[in-house]
Engineer: 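Here it is, the structure, as structure tokens.
The structure displayed is predicted, hence computed values, not measured ones.
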Amino acid sequence: MNLLQLSRRYLSILALIVIASAALTSCKSVTSSDTVDYKSAGAVRGPNLSYPPDLITAQADRRYIVQDGTATMSEYNAAVKKSVQIRSNVMTGIPGMRIARDGERRWLVVEKPATELYPQVKDFWQENGFLLEIDSPSTGIMETDWAENRAKIPQDWIRSVVGSAVDSIYDTGERDKYKTRLELSKPGETEIYITQRGMIEKCVTDTPGGACISTLWTPRPNDPELEAVFLARLMERLGMTQEQAKAMVAVPLGPKTPKAKFVQEGANQAYIELSAGFDRSWRDVGLALDRSNFTVEDRNRSTGVYYVRYVNPKDLGDTKGFFSNLFSSKDESGMKAKKYQVLVKSAGENSANVYVQNADGKPENTPAGYQLLTLLTEQLTK
């Protein structure tokens, strides 16, 4: 084979790749105009199928298993009719579902018990391309793994042509994870909170303005708009129309009203003073914990206690190793996590105080306790 023939052969192969990639890309552009498209950092991606809301997939699958390899037409028609009936019923949505607001915070209120909602919320995250690192029905808490929002990758002409074929070479340099907490506000009514944490990959240089010799994952600010996107998606998953969900989430938030103050009395007493009653303070502290590097293991609203674990990067010595471990599938419990109690105590009709205690419920009057109070104060004033 001479040089000209060889060149023509490779050009033909390249043309086929370009045509196939362009076809795949065009198909994607027709079916997806979303600005959020996550790909899990784990090796396995969760299911991405659209099931009717309130329908448990395992039970749905069993209806279509043919017993002993035979089935009559009447049985098949009855199964199809039942499927249509179920879909019609669940797509009407859940009555009383609404978005609640407090300043810059949003959460979903659903007139349904948390025990019934939890499996649906779990399926929702898996359908959106996430794996769950924390899955605790007993506490109503779940947390996804770190994932990349592929929709943030620039859609230039090169990616438009060959992006589908070599998609793995593109990276946004950002990762997100989401924590969901279900709170029973009153009998038959559940509050659902979704909080986002983000990381960004930054260059490490040997000199200011020098060449990038390595990269380091560092925290980036919380993004309330991403939380809003998933609140709207969850409302759709529970039966609301896309237009209704987006309209409810799009209502403007209230102004920032910092209401947390760090107070230190003497050398051995420090706490956070909140200018809100217990119910609102309990909610705000829960969101602050979710957005920080705390893991809520349990909580007791009647006593005002959150039982938490906290991983301090300084305790690990290797900050770079700590952040690289964030993207592994390992639980944070093995990374020198310490246990604390965060106490929310009413101090009047429109005030409450927040204290950090050790695992035994004693005051944590140590530099570590003050550091945790400072971290919470920063979150509560955002």
Engineer: Whether the side chain of Gln341 engages the backbone of Gln357 through a donor-acceptor N/O pair (distance < 3.5 Å, no angle test) should be reported.
Structural biologist: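 Absent.
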Engineer: Taking the side chain as everything from C-beta on, heavy atoms only, tell me whether Ile99 gets closer than 4.5 Å to Met235.
Structural biologist: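 Yes, side chains in contact.
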Engineer: Please find the pair of heavy atoms, one from Gln196 and one from Pro221, that lie closest to each other, and give the distance.
Structural biologist: OE1-O, 4.4 Å
Engineer: Does some side-chain heavy atom of Glu174 sit less than 4.5 Å from a side-chain heavy atom of Ile200?
Structural biologist: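 With C-beta onward as the side chain, the pair touches.
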Engineer: Just verifying a value: how many Å separate Arg181 CZ and Ser136 OG, rounded to the nearest 0.5 Å?
Structural biologist: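 One finds 13.0 Å between CZ of Arg181 and OG of Ser136.
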Engineer: Excluding sequence neighbours, so at least two apart, what forms ring pair (Phe, Tyr, Trp, His ring centres under 6.0 Å) with Tyr340?
Structural biologist: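 Ring pair (Phe, Tyr, Trp, His ring centres under 6.0 Å) check on Tyr340 returns nothing, list empty.
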Engineer: Could you grab the distance from atom CZ of Phe124 to atom CD1 of Ile192, nearest 0.5 Å is fine?
Structural biologist: 10.0 Å
Engineer: Check Leu373 against Thr377 and note the closest heavy-atom contact, atom names and distance.
Structural biologist: O-OG1, 2.7 Å
Engineer: Side chains of Thr144 and Leu132: closer than 4.5 Å at any heavy-atom pair?
Structural biologist: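 Touching, per the 4.5 Å side-chain cut-off.
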Engineer: Looking at every heavy atom in both Gly173 and Trp217, which two are closest together, and how far apart are they?
Structural biologist: O-CZ3, 3.4 Å
Engineer: Checking the side chain of Arg299 only, and the main-chain atoms of Gly286 only, is there a donor and an acceptor separated by less than 3.5 Å?
Structural biologist: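 Such a contact is absent between Arg299 side chain and Gly286 backbone.
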Engineer: Whether the side chain of Asn149 engages the backbone of Asp37 through a donor-acceptor N/O pair (distance < 3.5 Å, no angle test) should be reported.
Structural biologist: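 Yes, because the side chain of Asn149 sits within donor-acceptor range (under 3.5 Å) of the backbone of Asp37.
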Engineer: Measuring from atom NZ of Lys177 to atom OG1 of Thr195, what distance do you get when rounded to the nearest 0.5 angstrom?
Structural biologist: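 The distance works out to 10.5 Å.
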Engineer: Which atom names give the shortest non-hydrogen contact between Leu380 and Asp284, and what distance separates them?
Structural biologist: CD2-O, 3.5 Å
Engineer: CD/Glu364 to NZ/Lys338 distance, rounded to the nearest 0.5 angstrom?
Structural biologist: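 With rounding to 0.5 Å, CD (Glu364) is 8.0 Å from NZ (Lys338).
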Engineer: Before accepting this row, confirm whether a basic side-chain N of the pair Arg291/Glu227 lies closer than 4.0 Å to the acidic partner's carboxylate O.
Structural biologist: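 So Arg291 pairs with Glu227 through a salt bridge.
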Engineer: Of all the heavy-atom pairs spanning Leu231 and Arg106, show the shortest one and how long it is.
Structural biologist: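 Scanning both residues, the minimum pair turns out to be CD1-CB, 3.8 Å.
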Engineer: Taking only residues two or more places apart in sequence, or in another chain, which ones meet Tyr355 in a ring pair (Phe, Tyr, Trp, His ring centres under 6.0 Å)?
Structural biologist: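 Expected list: Tyr271.
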Engineer: Could you label the plane-to-plane angle of the Phe130 and Phe230 rings as parallel, tilted or perpendicular, counting under 30° as parallel and over 60° as perpendicular?
Structural biologist: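 Plane angle over 60°, so perpendicular.
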Engineer: Between Thr381 (side chain only) and Ala260 (backbone N and O only), is there a donor and an acceptor less than 3.5 Å apart?
Structural biologist: no
Engineer: Do Tyr370 and Asn365 come close enough that some side-chain heavy atom pair is under 4.5 Å?
Structural biologist: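 Tyr370 reaches Asn365 side chain to side chain.
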Engineer: Verify, without hydrogens or angle tests, whether Ser292 (side chain) and Phe294 (backbone) share a donor-acceptor contact under 3.5 angstrom.
Structural biologist: no
Engineer: Report yes or no: does Glu148 contribute a side-chain atom to a donor-acceptor pair with the main-chain N or O of Thr172 at less than 3.5 Å?
Structural biologist: yes
Engineer: Rounded to the nearest 0.5 Å, how far apart are CG of Leu287 and CD of Gln379?
Structural biologist: 9.5 Å
Engineer: Could you check whether any side-chain N or O of Tyr307 sits under 3.5 Å from a backbone N or O of Lys339, counting only pairs where one atom can act as donor and the other as acceptor?
Structural biologist: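 Side chain of Tyr307 to backbone of Lys339: no pair is present.
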Engineer: Within the side chain of Asn358, is there an N or O that forms a donor-acceptor pair under 3.5 Å with the backbone of Asp360?
Structural biologist: yes
Engineer: With hydrophobic residues grouped by side-chain heavy-atom distances under 4.5 Å, do Leu108 and Met142 end up in a single group?
Structural biologist: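 Per the 4.5 Å side-chain linkage, Leu108 and Met142 are co-clustered.
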Engineer: Might you work through the side-chain contact (heavy atoms from CB on, under 4.5 Å) test for Val285 and Leu274, ending with a clear yes or no?
Structural biologist: CA-CA 10 Å; Val285 170; Leu274 299 176; 4.1 Å; yes
Engineer: Could you see if Ile141 belongs to whatever hydrophobic cluster contains Leu376? Use Ile, Leu, Val, Met, Phe, Trp, Tyr and a side-chain cutoff under 4.5 Å.
Structural biologist: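 The answer is yes; both residues are in one hydrophobic cluster.
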Engineer: Looking only at heavy atoms, which two atoms of Arg233 and Val36 are closest? And how far apart?
Structural biologist: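 Heavy-atom minimum between the residues: NH2-O, 2.8 Å.
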Engineer: What's the spacing between Glu111 CD and Met97 CE if we round to 0.5 Å?
Structural biologist: 10.5 Å
Engineer: Might you work through the side chain to side chain donor-acceptor pair (under 3.5 Å) test for Tyr193 and Arg105, ending with a clear yes or no?
Structural biologist: CA-CA 9 Å; Tyr193 301 90; Arg105 298 173 175 86; over 6 Å; no
Engineer: Taking the basic N atoms (NZ, or NE/NH1/NH2) and the acidic carboxylate oxygens, is any pair closer than 4.0 Å for Asp176 and Arg220?
Structural biologist: yes
